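None of these values were measured; they are calculated from a predicted model. We number each residue from 1, following the sequence as shown.
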Amino acid sequence: MVKAVFTAPEQGTVVQPIYQYSDEQQTHIKALREYADTLLLDSSDPYHKWELRWLNKPDTMPRYMRAAKWKLPDAKRRIEGTIKWRREFQPELIRPDDVKIEAGTGKIILNGFDKDGRPIIYMRPGRENTETSPRQLRHLVWWLERAKDLMPPGQESLVIIVDYKSTTLRTNPSISVASKVLTILQQHYVETLGRAIVTNLPMLLNFFYKGISPFLDPVTRDKMRFNPDLLELIPKSQLDSEFGGDFDFEFDHETYWKQIVDFCGIAEDGTRLEGYFDGPKNIHGELPSQYSDTESPTSTSSTTASVTSASEFVLPEMTPAAPELTEAL
C-alpha cells in the first residue's frame, strides 16, 4: 500500500475539454470582466488581492459566461452573487487547522485524476466523524479549492465520486446540508463539476436523492451517473483499489494532510507560502503573479507528494465553446 498522493494526471493524459471562443464570445467575456472590475474591493481592503486573484484566473469569466449560456445580464448577476459570497466565506483563506478535524477519517479525499485530467474528490458519507456544523461546509469548500489548485493548465473541472458503502441513516447528510452543498457547487463553483458519480447507493437511501432532486439544476443532473464502470473514466493506475483500480492507497490522516498542505503551499493562517500565491509551484510556477504573499512563512516542508510532473500531460487541439449556444448571444 502507498501513502503518496497523486498531484498530476497520468503521463500522456490529454487534458480536455479545452475551449476556443468566437470573437463574439470573447467580447462578452471581456464585458463581463469590465463589469466585475467595477465591483472590485478597494485596494486598501485586506481581501482585495484575493478577490483580484480569483478574477484574474483565466477560467473565471469564461465559466460564468458558459453557465449563463452567453447571456451577459445573467452572467453579471451570477458573478456578482459569487463575489459577495466569497467576501463573506473567503474560501482561499480557510486555515488548515480550522478544518483538519473534519478530515480525520478520510470522509473527503482528493487523490488521482480521470482520463481527461480532472482531479478526483472521493466522498464517503459512511466515514462521517462530526456533528452537523458550518465547519463541515468550510471543510468541503477547502477541498474544492485544493482541487482547483491541482487542476493542470487548461483543465477547469473536477470529478466527485460519492461512495455510499457503509453509509447509514445516521451518517448520511441531511437534505438541508445537501441542499447547501448543492447551492455552493451550482452557484459559486459554476462549470466546475465535470462528473458526479454515485456508487453503492443502498435502497434505503433512495429517498435521499428524491429529497434533493428539487435542488439539482438540469446541468448538474445531466452530469450525474450511478454505478458506472469507473475504469472507462479513470486510468487504472490512478483509480483507488476499492473501486477496481491499481492504486492501493493507505489513508493516514497526518501523512495525507501534510502532503496536501505542503504541496499547495498553504500557510498556517490560511494564506500562501512565498511563491505559492498562484498555486503549486510545479503547476503554476510560470504564471505571472500580481502579488507575492510576503507576509507568509518562506520555508516549505521536504515532504514530496508529486507523482507525475505537470509537463508530462498534453493539451489537445482547442474546440469551440458550446457552439450550439451561440444562438443565445
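Here the closest non-hydrogen pair linking Leu40 and Arg87 is C-NH2, 3.9 Å. When all heavy atoms of Tyr164 and Pro125 are compared, the pair lying nearest together is CE2-CG, 3.9 Å. Between Arg135 and Asp98, the closest heavy-atom pair is CD-O, 3.2 Å. Closest approach of Gly104 and Asn129 over heavy atoms only: N-ND2, 4.0 Å. Nearest approach of Arg272 to Gly270, heavy atoms of both residues: NH1-O, 2.7 Å. Listed here is the closest heavy atom pair of Ile108 and Met123: CG1-CG, 4.3 Å.
Cluster membership for Leu182 and Phe226, using ILVMFWY side-chain heavy atoms within less than 4.5 angstrom, is shared. Phe251 and Met1 fall into different hydrophobic clusters, where Ile, Leu, Val, Met, Phe, Trp and Tyr residues are linked whenever their side-chain heavy atoms come under 4.5 Å apart, directly or through other members.
Counting only N and O atoms by type, the side chains of Gln11 and Thr13 include no donor and acceptor under 3.5 Å apart.
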Subject >> Working for side-chain contact (heavy atoms from CB on, under 4.5 Å), residues Gln136 and Val181 >> reply: CA-CA 10 Å; Gln136 290 182 336; Val181 169; over 6 Å; no
Original post:
When you look at Arg66 and Glu156, which way does the salt bridge (Lys or Arg N to Asp or Glu O under 4.0 Å) test go after all the steps?
Top reply: CA-CA 12 Å; Arg66 296 200 308 269; Glu156 300 178 7; 2.9 Å; yes
Subject >> Evaluation steps, side-chain hydrogen bond (donor to acceptor under 3.5 Å, both in side chains), between Thr199 and Asp163 >> reply: CA-CA 5 Å; Thr199 66; Asp163 177 24; 3.2 Å; yes
Subject >> Chi angles and distances behind the side-chain contact (heavy atoms from CB on, under 4.5 Å) call for Asn111, Phe249 >> reply: CA-CA 9 Å; Asn111 210 348; Phe249 178 67; 3.5 Å; yes
**OP:** Start with the C-alpha distance between Met151 and Thr192, add both sets of side-chain angles, then the distance that settles side-chain contact (heavy atoms from CB on, under 4.5 Å), and finish with yes or no.
**Re:** CA-CA 11 Å; Met151 288 178 185; Thr192 298; 4.2 Å; yes
Original post:
Under the side-chain contact (heavy atoms from CB on, under 4.5 Å) criterion, do Met61 and Met65 qualify, and how do the steps go?
Top reply: CA-CA 6 Å; Met61 301 302 143; Met65 283 306 313; 5.6 Å; no
**OP:** Applying salt bridge (Lys or Arg N to Asp or Glu O under 4.0 Å), run through Asp114 and Arg195 and close with a yes or a no.
**Re:** CA-CA 10 Å; Asp114 76 353; Arg195 293 191 178 107; 2.7 Å; yes
**OP:** May I have the step-by-step check of side-chain hydrogen bond (donor to acceptor under 3.5 Å, both in side chains) for Ser241 and Asp248, ending in yes or no?
**Re:** CA-CA 5 Å; Ser241 59; Asp248 197 11; 3.2 Å; yes
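The backbone N or O of Asp23 lies less than 3.5 Å from no partner atom in the side chain of Gln26, so there is not a single donor-acceptor pair. A distance-only check finds no donor-acceptor pair linking the side chain of Glu145 to the backbone of Pro91 [under 3.5 Å]. Counting only distance, with no hydrogens or angles, the side chain of Lys3 and the backbone of Thr255 share no donor-acceptor pair below 3.5 Å. Judged purely by atom type and a 3.5 angstrom limit, Glu128 uses its side chain to pair as donor or acceptor with the backbone of Thr130. Between the side chain of Glu10 and the backbone N or O of Lys115, no donor-acceptor pair lies under 3.5 Å. A donor-acceptor pair is defined here as one N or O able to donate and one able to accept, closer than 3.5 Å; no such pair exists between the side chain of Gln16 and the backbone of Ile18. With hydrogens and angles ignored, the 3.5 Å screen pairs a side-chain donor or acceptor of Thr105 with a backbone N or O of Arg127. Formation of a donor-acceptor pair under 3.5 Å by the His28 side chain with backbone atoms of Leu72 is not found in this model.
Arg53 forms a cation-pi arrangement with Phe277, by the criterion of a distance under 6.0 Å to the ring centre and an angle within 45° of the ring axis.
Contact check for Leu52 versus Leu41: no side-chain heavy atoms found under the 4.5 Å cut-off. Under the 4.5 Å side-chain criterion, counting only non-hydrogen atoms from C-beta, Ile184 is not in contact with Leu140. Using a 4.5 Å heavy-atom cutoff, the side chains of Leu158 and Ile160 are in contact. With contacts defined as side-chain heavy-atom distances shorter than 4.5 Å, the pair Val159/Ile197 qualifies. In this structure the side chain of Asp74 never reaches within 4.5 angstrom of the side chain of Lys69, judged on heavy atoms. Inter-residue side-chain proximity for Ile260 and Trp142 is flagged as met; some heavy-atom pair is nearer than 4.5 Å. Inter-residue side-chain proximity for Pro153 and Val15 is flagged as unmet; no heavy-atom pair is nearer than 4.5 Å. Side-chain contact between Val190 and Arg78 is present, with heavy atoms from C-beta onward closer than 4.5 Å.
One distance of note links CG of Leu185 with CD of Gln187; it measures 10.5 Å at 0.5 Å rounding. The structure places CD of Gln259 at 9.5 Å from CG of Asp252, a figure rounded to the nearest 0.5 Å. Rounding to the nearest 0.5 Å places CD1 of Ile120 at 10.0 Å from CZ of Phe243. Between the CG atom of Asp222 and the CG atom of Leu193 there is a distance of 11.0 Å, given to the nearest 0.5 Å. With rounding to the nearest 0.5 angstrom, the SG atom of Cys264 is 7.5 Å from the CG atom of Leu110. We find the CG-CG distance between Asn56 and Asp278 to be 8.5 Å, quoted to the nearest 0.5 Å.
Between Asp97 and Lys100 there is no salt bridge, since no side-chain nitrogen of the basic residue lies less than 4.0 Å from a carboxylate oxygen of the acidic one. The existence of a salt bridge linking Asp240 and Arg124 is confirmed by a sub-4.0 Å separation between a basic side-chain nitrogen and an acidic carboxylate oxygen. Between Lys107 and Glu102 there is a salt bridge, since at least one side-chain N of the basic residue sits less than 4.0 Å from a carboxylate O of the acidic one. With salt bridges taken as basic N to acidic carboxylate O contacts below 4.0 Å, none links Glu254 and Lys258. Remark: Glu51 does not engage Lys57 in a salt bridge, criterion side-chain N to carboxylate O under 4.0 Å. Ion pairing between a basic and an acidic side chain is recognised when a charged N comes within 4.0 Å of a carboxylate O; Glu92 and Lys148 show no such pairing. Ion pair Asp116/Arg118 flagged as a salt bridge, since at least one NZ, NE, NH1 or NH2 atom sits closer than 4.0 Å to an Asp/Glu carboxylate oxygen. A salt bridge is defined here as a Lys NZ or Arg NE, NH1 or NH2 lying under 4.0 Å from an Asp or Glu carboxylate O, and Glu268 with Arg95 fails to meet this definition.
Within a 6.0 Å radius of CD1 in Ile101, no more than 12 heavy atoms belonging to other residues, nucleotides or ligands are found. Under a cut-off of 6.0 angstrom, the local environment of CD in Glu131 is sparse, with at most 12 non-hydrogen atoms contributed by other residues, nucleotides or ligands.
With His188 as reference, Trp85 is the one residue of Trp85, Phe89, Tyr64 to meet the ring-ring contact (aromatic ring centres under 6.0 Å, His included) rule. Exactly one of Tyr122, Phe113, Phe6 qualifies for a ring-ring contact (aromatic ring centres under 6.0 Å, His included) with Phe247. That residue is Phe6.
Ring centers of Trp70 and Tyr21: under 6.0 Å apart, within the cut-off.
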